[in-house]
Amino acid sequence: MNATAKMVDVQGLTVDFKGPKGPIRAVDGVDLDLRRGETVALLGESGSGKSVTLRSLMRLHPSSAKIGGKVEVDGRDVLKMGSRELAGLRGPVVSMIFQDPGLAFDPVYRIGDQIVEAVRRHEKLSKAEARKRALELFERVRIPSPDKRLDNYPHEMSGGMRQRAMIALALVCRPKVLLADEPTTALDATVQIQVLLLLRELQRELGLAVVFVTHDIGVAVEVADRIAVMYAGRIVEMGPCRDVIRDPRHPYTQGLLLSRASHAPTPGARLAAIPGAPPDLSDLPPGCAFRPRCGHAIDDCAEAAPPAADVGPAHFARCIRTRRAAEAFESVTA
Amino acid sequence: MIIGAPTPPPGGFPRDRGGPGQPLLSVKGLVKHFGVKKGFLTKAGPIVRAVDGVDFDVVKGETLGIVGESGCGKSTTARLVMQIIAPDAGDILFDGERVGSQALSLNGFRKQVQMVFQDSYASLNPRLTVEDTIAFGPKVHGASGRAATTRAHDLLHRVGLEPARFAGRYPHELSGGQRQRVNIARALALDPRLLILDEAVSALDKSVEAQVLNLLLDLKDEFGLTYMFISHDLNVVRFMSNRVMVMYLGKVAEFGPSEALFETPKHPYTGALLASMPSMDPDARTETAPLTGDPPNPINPPPGCRFNPRCAKSAALCGHKEPTLLDAGVDHRAACWLVDPASGHPRIAA
Ligand SMILES: Nc1ncnc2c1ncn2[C@@H]1O[C@H](COP(=O)(O)OP(=O)(O)O)[C@@H](O)[C@H]1O
Ligand SMILES: Nc1ncnc2c1ncn2[C@@H]1O[C@H](COP(=O)(O)OP(=O)(O)O)[C@@H](O)[C@H]1O
Ligand SMILES: [Mg+2]
Ligand SMILES: [Mg+2]
């Protein structure tokens with residue numbers, strides 16, 4: 001296999017839904033590519049289009065959704081696939097884990113049986129062989145006393161354990177791409193870090209390409225090689241993790257970093273909060289969607305959606321004020 | 001004098017009785033066990049020791065942060081203080097008076113303590129407008145409709161919601177951040193002295209969370225409030241709190257001034273909680289998880305120190321002898337043998 005081949009290649013992705021107040025464009029021109037063994041974090045607030053972007057890679061949208069652009073996974077055109085090809089994609093090529101493992105497991109069957117069943121759906125194995133494979137998977141995700149745990153019902157496992165079991169289920173068909181939609185958001189920080197370390201380890205060992213959706217910058221820093229910051233359906237900044245965190249060039253990314261409680265100058269001082277609220281997708285302002293909340297906005301920002309401006313190696317920001325923003329950020333953090 | 005405690009505004013805090021030296025809230029020996037019913041026809045099941053002997057004070061004008069993994073008893077402690085549930089044992093004193101005594105009736109206490117929860121939607125009556133929601137409490141306590149509405153509009157303005165735009169709206173017409181502002185306004189309507197914030201900002205988007213934290217700080221100054229601030233986000237607790245209480249399995253593991261507790265944690269559990277926070281440095285990511293497994297539940301707490309089965313510094317002593325809260329610095333206590341030089345814990349340098 002070509003190690004530099006793109007595992008994921010998305011260009012100009014758009015996703016339109018019928019919203020209660022008229023049509024909404026949940027994803028508006030997203031470009032994203034991933035190589036084998038690479039992790040990209042999609043970082044953004046709720047409603048920014050992270051999950052919709054992720055689900056597009058497996059085409060998991062309701063049929064009423066309109067998807068445009070190009071989505072290739074492992075060299076295959078996902079948007080042109082029929083249902084048979086999609087079935088061959090979901091599992092063996094791409095699989096997904098999410099925040100609530102309750103969605104992955106049926107509460108009335110033992111977890112082990114559900115994994116055995118998933119194994120046998122994709123490989124011609126006897127029950128005993130499939131059980132052996134399920135056991136290996138449980139060991140791989142470091143579930144203690146794995147043999148005993150396979151006989152648990154979902155409710156008999158703690159949150160962190162269920163999350164590990166869901167990861168095992170996602171690995172059943174040896175996928176090449178793992179999509180993770182806030183898999184640690186509901187967990188205690190003490191458990192979250194265990195799951196993040198596990199994902200990092202699996203990713204290295206199995207050479208997975210991982211798209212990791214999160215709203216937590218710290219989580220993105222723990223897992224990602226690159227970070228893509230989403231706002232109102234667009235990737236407003238993307239670059240190597242280090243550069244996005246240390247030298248953010250989009251005013252929204254800067255705002256997220258500066259408003260963190262851990263960044264407060266002294267306890268009790270006020271946080272540098274971003275004013276306003278995330279926008280209503282059915283009523284977006286023209287031009288840059290962040291303009292109404294942006295301290296650097298000028299009239300030109302209303303003209304058109306800003307193009308990607310290169311601000312460093314493999315690092316871009318969709319902002320026409322990146323220079324001004326960079327100067328301002330330096331003066332605050334210096 | 002407690003380190004980090006704010007100086008009272010000129011004229012003292014409103015309705016102050018015992019003076020600044022007397023804690024606003026004093027909790028002593030608080031216990032709450034829940035009996036878990038196993039199910040149909042089965043005998044009474046195990047006992048959940050949700051809160052199992054907790055003592056703490058809340059100083060007038062301070063923010064006391066409360067942290068700990070889920071299930072450690074934070075919300076139960078808050079509900080006990082609020083008198084939403086009755087304790088099995090323990091005393092709650094408010095400005096020196098025992099709650100429910102002649103000097104301080106339950107009703108008199110309830111007016112002075114309010115709570116804001118994580119779920120901004122479930123805490124609001126979907127059929128009441130924002131204005132009626134906020135005016136409800138004052139009306140029940142005898143305010144005229146007119147006075148209550150005026151007050152509601154004042155408060156809406158104070159929490160950053162223009163009354164002209166928002167007074168007539170219903171909860172479902174608001175964003176999560178706006179609903180939480182309404183909950184805060186409603187909590188302030190009876191002019192309380194103590195506000196308990198139980199994960200009140202945890203469900204909000206980060207940009208909105210920062211705004212609401214700033215609002216809470218402003219309101220605290222303006223209304224001379226005292227906060228109990230419960231959150232699983234240690235960064236937020238550190239930012240908001242003067243002092244912090246760390247709970248583990250229904251007990252207090254550590255209690256101290258925010259700076260000292262975060263800079264030099266004395267309990268290994270506090271250290272592990274801090275080390276579990278994601279790193280913000282791409283060149284210094286976390287390499288090993290500070291704790292393994294999920295937080296245990298308080299049904300069969302282990303003998304000795306409750307944390308000892310998960311503690312990297314556990315010694316034989318910790319498995320059979322339970323440490324009480326021991327002095328660990330100025331206004332700083334930790335329930336760990338390591339802070340007691342005479343305990344014989346092998347890790348204490350001779
Ligand atoms: N199946 C759907 N039908 C209609 N609207 C949807 C659907 N799925 C998502 N949306 C909308 O698309 C927008 C982006 O959603 P999402 O990608 O889930 O955001 P997030 O960044 O929080 O994951 C939201 O406004 C959401 O309401
Ligand atoms: N009404 C109840 N009945 C039985 N158990 C309860 C009840 N309320 C809380 N608990 C249990 O008490 C423990 C402490 O819960 P809680 O105070 O909500 O923790 P926290 O807020 O720290 O997450 C948990 O094990 C929880 O399951
Ligand atoms: Mg989502
Ligand atoms: Mg709670």
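Numbered from 1 within each chain, the chains take letters A, B, ... in sequence-line order.
- For A:L257, the part lying under 4.5 angstrom from a heavy atom of chain B is the side chain only.
- Side-chain atoms of B:N214 do not come within 3.5 Å of backbone N or O of A:R270 as any donor-acceptor pair.
- A:H296 NE2: more than 12 foreign heavy atoms inside a 6.0 Å radius.
- Residue A:R142: no heavy atom, backbone or side chain, is found under 4.5 Å from chain B.
- Of the listed residues A:Q192, A:R200, A:R164, A:M161, the one with more heavy-atom pairs under 4.5 angstrom with chain B than any other is A:R200.
- Only one option out of B:M280, B:K206, B:E209 pairs with A:R260 in a side chain to side chain contact (heavy atoms under 4.5 Å, CB included); it is B:M280.
- Among the candidates B:L213, B:L234, B:D218, the residue making the largest number of heavy-atom pairs closer than 4.5 Å to chain A is B:D218.
- Of all the heavy atoms in A:L197 and B:T288, the pair that sits closest is CD1-C, 3.6 Å.
- Annotation for A:D188 and B:P295: closest pair OD2-CG, 3.4 Å, computed over non-hydrogen atoms.
- Annotation: side chain of B:V208 is in contact with side chain of A:P278 (closest heavy-atom distance under 4.5 Å).
- In this structure, chain A has heavy atoms under 4.5 Å from both the backbone and the side chain of B:L291.
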Note to self: Applying side chain to side chain contact (heavy atoms under 4.5 Å, CB included) to A:T190 and B:L273, what does each step give before you reach the verdict?
What the structure shows: CA-CA 6 Å; A:T190 52; B:L273 275 184; 3.8 Å; yes
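- When heavy atoms are compared at a cutoff of 4.5 Å, B:S175 does not approach chain A at all.
- Checking side-chain atoms of B:N235 against main-chain N and O of A:A261 turns up no donor-acceptor pair under 3.5 Å.
- If you tally non-hydrogen atom pairs under 4.5 Å between each of B:G160, B:A275, B:G177, B:A289 and chain A, the highest count goes to B:A289.
- The neighbour count for A:E330 CD, taken as heavy atoms of other residues, nucleotides or ligands under 6.0 Å away, does not exceed 12.
- Proximity to chain A is absent for every atom of B:S258, based on heavy atoms less than 4.5 angstrom apart.
- Heavy atoms closer than 4.5 Å to chain B are found in the backbone of A:A224, but not in its side chain.
- Between the side chain of A:R242 and the backbone N or O of B:D283, no donor-acceptor pair lies under 3.5 Å.
- Separation of atoms OG (B:S276) and CD1 (A:I193) is listed at 7.0 Å; rounding is to 0.5 Å.
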Notebook entry, point to check: Would B:E69 and A:L187 satisfy side chain to side chain contact (heavy atoms under 4.5 Å, CB included), going step by step from the backbone distance to the final call?
Noted result: CA-CA 9 Å; B:E69 289 163 300; A:L187 303 174; over 6 Å; no
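- In terms of modelled atom types and a separation under 3.5 Å, the side chain of A:E45 and the main chain of B:S207 share a donor-acceptor contact.
- Counting heavy atoms from C-beta outward, A:I217 and B:P278 have side chains that stay 4.5 Å or more apart.
- Listed for the A:E222 side chain is no donor-acceptor partner under 3.5 Å among the backbone atoms of B:R285.
- Of all the listed residues (B:D281, B:N297, B:V237), the one sharing the greatest number of non-hydrogen pairs under 4.5 Å with chain A is B:D281.
- Rounding to the nearest 0.5 angstrom, the gap separating the CD atom in A:Q194 from the OG1 atom in B:T286 is 12.0 Å.
- Looking at B:D233, there are no atoms closer than 4.5 Å to chain A (heavy atoms on both sides), in backbone or side chain.
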